[in-house]
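First up is the structure itself, then whatever we jot down about it.
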Amino acid sequence: MTRIPACDTVEEGVRGGPAPEQDRRGTPRPRIHPWIRSLRGPGPWRRGLVTAAFALVLGLLLLLHRRITDRGGVGSLVETFLPWFGLGVPVLLVIALWRRSASATVMLLLPVTAWLSLFGGLLGDRSRSGGDLTLVSHNVAAENTDPVGTARALAESGADVLALEEISEEARGTYEKELAKAYPHHTVQGTVGLWSTAPLSHTRPVDTEQDVGPLGASKPAAEKLVDNRALRTTVATDQGPLAVYVAHLGSVRVTSDGGFGTATRNRNAQALTRALAAERSDRVVLLGDLNGTVDDRAFDGLTAQLHSAHEEAGSGFGFSWPADFPVARIDQILVRGVEAKRAWVLPGTGSDHLPVGAAISW
């Protein structure tokens with residue numbers, strides 16, 4: 001005798017498949033297609049709430065970065081690399097689409113809008129034709145193993161005014177020799193120097209309070225000059241006198257006990273701000289390695305008096321450091337009373353910084 005397989009219901013035995021779901025009374029329920037069943041889970045506005053939260057935090061960080069505490073240099077660190085926070089948007093967008101989250105997708109509009117309001121203007125080419133004077137600034141690096149090649153590359157840049165920072169005592173003679181033919185006028189004040197095709201006058205070092213405290217105050221001026229990191233001079237251009245400042249502000253270091261150390265840099269910036277505020281010339285240019293971007297709150301006093309030639313007439317972000325893989329523009333050309341026509345980043349030399357240039361007119 002053939003045995004009939006046991007089954008929970010007659011329907012399962014006849015169809016050879018599982019019986020339909022039953023309610024509490026045992027009444028069979030209609031079968032539901034899997035994709036319809038999925039709609040009974042969390043809706044698109046409830047999915048991806050964690051991703052939406054990250055998008056909100058990213059947007060608030062971009063909008064309110066000035067409210068971040070600068071204790072331990074945190075605020076300065078965030079503002080130095082602020083443009084790179086925009087990379088969080090495509091990452092979060094991919095996650096939002098994968099999760100099919102409407103809430104996260106909509107929330108991403110906040111960081112997108114905030115980032116574009118801060119940096120959208122830097123995406124295009126803002127350069128224009130013309131320019132009466134070409135300026136180049138370069139931190140040549142004290143540990144540069146090829147000062148001859150660096151000097152020759154800079155001499156071929158076509159700059160009318162060339163500023164160098166971090167000139168070591170050992171390399172100073174090399175720069176003076178290699179640049180003498182292209183630039184008959186120059187001055188070196190400590191570790192910074194300026195070379196020019198036009199005559200210089202009213203040249204002096206600028207005290208950026210690099211050496212402070214009782215020990216620093218007791219040092220004679222000649223001894224302080226050796227480590228001086230800023231100067232001021234007047235360039236006699238065909239269009240009239242131009243006050244030029246060259247500065248190399250204190251380095252920023254990450255320390256185990258102090259965090260992102262910015263105290264020396266910030267003190268230098270404040271001293272330079274006071275010097276520029278006292279400048280009587282209407283046409284002023286500041287060239288140098290400021291060890292920070294113009295978004296950094298430490299330079300509010302400087303950017304209130306001068307504006308970035310690159311932001312006015314450059315192309316893209318113009319990152320200049322480190323030379324092998326630039327992630328920040330800490331080498332600046334700031335101007336007042338003149339118009340920036342073009343701004344660019346030059347090819348690398350033996351330094352860990354890239355040179356930066358600008359063409360100005362008035």
Side-chain angles (χ1 to χ4, degrees), residues 66 70-71 73 75-76 79-80 135 137 139 161 163-167 187-194 200-235 241-253 260-312 329-338 340 358 360:
R66 292 279 177 163
D70 203 32
R71 180 175 298 178
S76 181
E79 288 165 345
T80 297
L135 313 165
S137 177
N139 179 327
V161 175
L164 302 186
E165 304 89 46
E166 204 170 300
I167 304 172
T187 179
V188 176
Q189 303 287 326
T191 62
V192 296
L194 188 81
L200 306 177
S201 63
H202 303 94
T203 302
R204 58 177 172 80
V206 175
D207 183 11
T208 56
E209 300 182 4
Q210 183 71 17
D211 198 350
V212 296
L215 183 61
S218 64
K219 289 184 179 180
E223 186 176 347
K224 285 186 175 183
L225 182 60
V226 176
D227 298 318
N228 181 69
R229 294 168 65 126
L231 67 82
R232 186 266 184 212
T233 190
T234 298
V235 180
L242 176 69
V244 178
Y245 286 73
V246 181
H248 180 198
L249 303 189
S251 298
V252 174
R253 297 283 187 260
F260 194 59
T262 60
T264 300
R265 193 275 313 269
N266 293 352
R267 184 176 67 247
N268 297 162
Q270 292 169 4
L272 185 58
T273 297
R274 291 192 292 270
L276 286 164
E279 175 59 53
R280 296 182 178 181
S281 177
D282 294 329
R283 302 186 182 107
V284 183
V285 171
L286 168 61
L287 307 158
D289 172 12
L290 302 188
N291 269 307
T293 71
V294 292
D295 298 308
D296 195 316
R297 67 191 70 183
F299 304 126
D300 286 351
L302 291 175
T303 55
Q305 301 182 61
L306 304 96
H307 54 275
S308 167
H310 185 82
E311 290 196 350
E312 181 179 343
R329 184 181 179 88
I330 63 176
D331 301 279
Q332 309 291 348
I333 298 179
L334 306 181
V335 299
R336 180 178 80 197
V338 295
I360 62 172

Q.
Before you tell me yes or no, could you show the steps for S76 and D296 under side chain to side chain donor-acceptor pair (under 3.5 Å), namely the whole-Å CA-CA distance, both residues' side-chain angles and the distance that decides it to 0.1 Å?
A. CA-CA 6 Å; S76 181; D296 195 316; 2.4 Å; yes
**Q.** I330 vs N139 side-chain heavy atoms within contact, under 4.5 Å
**A.** no
Q. Of all heavy-atom pairs between P241 and T234, which one has the smallest distance, and what is that distance?
A. CB-CG2, 3.8 Å
Q: Measure the shortest side-chain to side-chain distance between V244 and L194 over non-hydrogen atoms and say whether it is less than 4.5 angstrom.
A: yes
Q.
Could you go through D331 and L290, starting from their C-alpha distance and side-chain angles, then the distance that decides it, and tell me whether this counts as side-chain contact (heavy atoms from CB on, under 4.5 Å)?
A. CA-CA 6 Å; D331 301 279; L290 302 188; over 6 Å; no
Q | Exam field: side chain R336 to backbone H307, donor-acceptor pair closer than 3.5 Å | A | no
**Q.** Atom of V252, atom of N291 and distance for their closest heavy-atom approach
**A.** CG2-O, 3.7 Å
Q | Distance, nearest 0.5 Å, that separates CD of Q332 from CG of L249 | A | 10.0 Å
Q) Between A230 and T208, what is the shortest heavy-atom contact and its length? A) CB-CG2, 3.6 Å
(Q) Run the side chain to side chain donor-acceptor pair (under 3.5 Å) test on T303 and Q305 for me, step by step, so that the C-alpha distance in whole Å, both residues' side-chain angles and the decisive distance to 0.1 Å come before the verdict. (A) CA-CA 5 Å; T303 55; Q305 301 182 61; over 6 Å; no
Q: Please report the C-alpha distance between R297 and D70 in whole Å, then the side-chain angles of each, then the deciding distance to 0.1 Å, and finally whether the side-chain contact (heavy atoms from CB on, under 4.5 Å) criterion is met.
A: CA-CA 9 Å; R297 67 191 70 183; D70 203 32; 3.9 Å; yes
Q. Does the side-chain contact (heavy atoms from CB on, under 4.5 Å) test come out yes or no for E279 and Y245, once each step is laid out?
A. CA-CA 10 Å; E279 175 59 53; Y245 286 73; 2.6 Å; yes
Q | Heavy-atom closest pair, residues T80 and T293 | A | O-CG2, 3.5 Å
**Q.** Electrostatic pair R274-D207, nearest N-O below 4.0 angstrom
**A.** no
(Q) Against H248, only a single residue in R229, E165, Q210 fulfils side chain to side chain donor-acceptor pair (under 3.5 Å); can you say which? (A) R229
Q) Which atom names give the shortest non-hydrogen contact between G250 and T264, and what distance separates them? A) CA-CG2, 4.2 Å
Q: Can you measure from OG1 (T187) to CZ (R232) and round to the nearest 0.5 angstrom?
A: 12.0 Å
Q: Mind listing the closest non-hydrogen atom pair of A298 and N266 along with its distance?
A: CB-OD1, 3.2 Å
Q: Sequence neighbours left out, what passes side-chain hydrogen bond (donor to acceptor under 3.5 Å, both in side chains) with R66? Give chain and number order.
A: D300
Name each donor-acceptor pair under 3.5 Å that joins a side chain in residues 280-288 to protein atoms two or more places apart or in another chain, with its distance.
unit_1	atom_1	unit_2	atom_2	d
S281	OG	R283	N	3.3
S281	OG	R283	O	3.0

Q.
Would you compute the distance between atom NE2 of H310 and atom CG of L334 and round it to the nearest 0.5 angstrom?
A. 12.0 Å
Q.
For R265 and F299: C-alpha separation, side-chain torsions, deciding distance, then whether side-chain contact (heavy atoms from CB on, under 4.5 Å) applies.
A. CA-CA 10 Å; R265 193 275 313 269; F299 304 126; 3.6 Å; yes
Q. Pick one: which of L276, V294, V335, T273 meets side-chain contact (heavy atoms from CB on, under 4.5 Å) with L306?
A. L276
Q. Got Q189 and T203 here, is their nearest side-chain heavy-atom distance under 4.5 Å?
A. yes
